[in-house]
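Here is the structure we will look at.
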Protein chains: 2
Amino acid sequence: MAAKRSGAQSKRSQRIGGSLQSAQEPHSEQPLSLERIVATAVELLDGQGVDGLKMRQLADRLGSGAMSLYWHVDNKEAVFDLALDSVLEYRGPPQTVESQDWRGEVVHMLEDWRASMLRHPWSASLLPRRRLGPNILSRLELLSNTLTRGGVADADLNVAIWSLWNYVMGATITRANFNLSDDDMAAAQQRLTRLSERYPTIERTRLLLDNDWDGAFRKGLDSLLDGLSPR
Amino acid sequence: MAAKRSGAQSKRSQRIGGSLQSAQEPHSEQPLSLERIVATAVELLDGQGVDGLKMRQLADRLGSGAMSLYWHVDNKEAVFDLALDSVLEYRGPPQTVESQDWRGEVVHMLEDWRASMLRHPWSASLLPRRRLGPNILSRLELLSNTLTRGGVADADLNVAIWSLWNYVMGATITRANFNLSDDDMAAAQQRLTRLSERYPTIERTRLLLDNDWDGAFRKGLDSLLDGLSPR
DNA sequence: ACCTGAACACCGTTCAAGT
DNA sequence: ACCTGAACACCGTTCAAGT
């Protein structure tokens, strides 16, 4: 495992007269480091999606030879794991007083989790396929904690957590992969009406055209929490 | 979208009329056909996972040259779409009388859906990423239908359906990707206890070691349905 | 310790061509 | 209509080697 590099060294302290390097590559000549690799991988993933991440391109963007990455990282899988975990960091609830509103806290935590993943649409699909990293474990720990404080018995805790996990993951994966450009919307609409005699109900309620994702997420979450709440 | 009339398919002649011989052979030297390609792709995917499907190997297994597939199919993506849809067929509830028990029917439909996907562990992760095919649309239609019969108002229907979708997808994707060999179990246990001071709660309830997947799925689903049920 | 180019073993797909 | 091999444009990774 690579020792930590003090990343902020030489290049940072220079800060030469601000106008010249307004050319697009502000970070081209630093040494490689795990941090830079991960950050750049996230950039690339955000821009090109999971299939768009290429080791050569990643190295290129970092200004290094293609194979230099392999000294810092075992393989591409490791890059995925690191990028994924880096995106799942939780900063905690807005610092108010230690609140009594456990349900509100749960909602906040889950909405923040979903929002973090939606900011990096490749992340949600990746999460269930990889080993759980420290950041997601922290989120689960905090969630368990809050539920316990809310009165959920230990015997019901795992079911509650997995239910919430399932709901959040399903919602986020689905939403992240549903790219509704105007064209897609139009196409879906057209297709649906064309098939209205095969699928009358979902056509009537416009299931596939409903695009209030945030509202639907929140409402469904409320229902689930209703069902899970100790009475 | 439901009826996939891709370019590849339209390239095929219809070849419907009574031909000289109804092909009867097992599957060693038959001509290629979309059906055989899809069936074999499913076999391969079951055995090797999503990343294990190679066009060359697929052709090989079908006893044809590597490039012959491309006359029947546009590209690899199309193979995925077809394999996925083929796995999602629904045969309907066990033929009893038209029941009054709408909730029981919903549970049956969702458990069958989950079971179908778990029989082909690659399928769940694929489903949210691809265009919805006819078989999954049929399942959604039937679900909508049943919920409506159960008294869910049109205004609440989409939220209910997406909530159930989210839950089922999240649960199935997670379960399908959680391969708990004895080794993995042991490793997880070890890791968790080693980290027990960082994650005390999930360690205490053995969140990651809980392996009653079916039971947890059912219990969580019940909670969700409790929350969604009209009162 | 850190980085590198050349090279290998793939894999999806295009193409021109066969029947 | 249906199938094929050769070839192209990749891409992850190994290796032997540089500093």
Side-chain angles (χ1 to χ4, degrees), chain A residues 1-7 9-11 27-38 40-41 44-45 47-83 122 126 130, chain B residues 6-21 23 25 27-38 40-41 44-45 47-83 122 126 130:
Chain A
M1 166 152 300
K4 267 202 137 156
R5 299 206 60 81
S6 49
Q9 17 163 287
S10 57
K11 191 64 181 254
H27 60 83
S28 32
E29 279 314 324
Q30 291 169 351
L32 279 181
S33 72
L34 249 199
E35 292 76 27
R36 286 189 67 224
I37 292 176
V38 173
T40 309
L44 244 29
L45 285 163
Q48 334 260 20
V50 213
D51 295 333
L53 181 67
K54 318 285 164 76
M55 292 302 268
R56 291 176 213 251
Q57 188 195 4
L58 176 54
D60 229 54
R61 183 96 144 221
L62 286 159
S64 72
M67 292 304 101
S68 313
L69 299 177
Y70 286 88
W71 192 86
H72 300 266
V73 163
D74 271 354
N75 47 32
K76 195 180 178 182
E77 304 260 289
V79 176
F80 278 130
D81 284 338
L82 292 165
W122 46 273
L126 221 49
R130 323 263 352 144
Chain B
S6 71
Q9 242 167 311
S10 59
K11 263 187 281 177
R12 293 174 69 221
S13 71
Q14 282 301 341
R15 208 168 85 81
I16 287 192
S19 43
L20 314 169
Q21 57 201 16
E25 306 85 324
H27 64 83
S28 20
E29 276 315 324
Q30 292 170 348
L32 279 181
S33 71
L34 249 199
E35 292 75 29
R36 286 188 67 224
I37 292 176
V38 173
T40 309
L44 245 29
L45 284 164
Q48 334 259 18
V50 212
D51 295 332
L53 180 66
K54 317 285 164 78
M55 293 301 269
R56 291 173 214 252
Q57 188 195 5
L58 177 54
D60 229 54
R61 183 97 144 223
L62 287 159
S64 72
M67 291 306 100
S68 312
L69 299 176
Y70 286 88
W71 192 85
H72 300 266
V73 163
D74 270 355
N75 48 33
K76 196 179 177 182
E77 304 260 289
V79 176
F80 277 130
D81 284 338
L82 293 165
W122 46 274
L126 221 50
R130 324 267 346 149

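The chains referred to below are lettered A, B, ... by the order of the sequence lines, with proteins before strands, and numbering in each begins at 1.
An OP1 or OP2 oxygen of C:dC3 is reached within less than 4.0 angstrom by a side-chain nitrogen or oxygen of A:His72. Applying the 4.0 Å criterion to OP1 and OP2 of D:dT4, one finds that B:Ser68 has a side-chain N or O inside that range.
The CG atom of A:Leu34 sits 15 Å away from the C1' atom of C:dA1 (whole-angstrom rounding). Atom CE in B:Met55 sits about 16 Å away from atom C1' in D:dG5, given to the nearest Å. Following rounding to the nearest Å, B:Tyr70 (OH) and D:dA6 (P) show an atom-to-atom distance of 18 Å. When rounded to the nearest whole Å, the span between CD of A:Gln48 and P of D:dC11 equals 11 Å. The distance from atom CD1 of A:Ile37 to atom C1' of C:dC2 is 12 Å, rounded to the nearest whole Å. Atom NZ in A:Lys76 sits roughly 12 Å away from atom C1' in D:dC10 (whole-Å rounding). Protein atom CZ of A:Arg56 is 7 Å distant from nucleotide atom C1' of D:dG12, rounded to whole Å. Computed from coordinates, the A:Met67 CE to D:dG18 C1' distance equals 16 Å when rounded to whole Å.
Comparing C:dA16 with D:dC3, their C1' atoms sit 13 Å apart, to the nearest whole Å. D:dA17 and C:dC2: their P atoms are spaced 22 Å apart (whole Å).
Closest of all the heavy-atom pairs between B:Ala83 and B:Leu45 is CB-CD1, 3.9 Å. Of all heavy-atom pairs spanning A:Leu32 and A:Ser68, the tightest one is CD1-CB, 3.6 Å. Closest approach of B:Arg61 to B:Thr40, counting heavy atoms only: CG-CG2, 3.4 Å.
Contacts of B:Leu53 with the nucleic acid, taken as non-hydrogen atoms under 4.0 Å apart, involve only primed sugar atoms and P, OP1 or OP2. Using a 4.0 Å heavy-atom distance criterion, A:Leu58 is classed as making no nucleic acid contact.
Once rounded to the nearest 0.5 Å, the distance linking CG of A:Asp74 with CG of A:Asp81 reads 10.5 Å.
Picking from C:dC11, C:dT4, C:dC3 the nucleotide with the shortest atom distance to the side chain of B:Lys54 gives C:dC11. Taking the side chain of B:Trp71 as heavy atoms from C-beta on, and the options D:dC2, C:dG12, C:dA7, the nearest nucleotide is D:dC2. You'll find that the side chain of A:Pro31 is closest to C:dC3, out of C:dT13, C:dC3, D:dT4.
Searching all strands for a Watson-Crick or G-U wobble partner of D:dA16 with both distances below 3.5 Å returns C:dT4. The nucleotide D:dA9 finds no pairing partner, because no Watson-Crick or G-U wobble arrangement with both distances shorter than 3.5 Å includes it.
Annotation: side chain of B:Gln48 is not in contact with side chain of B:Leu53 (no heavy-atom distance under 4.5 Å).
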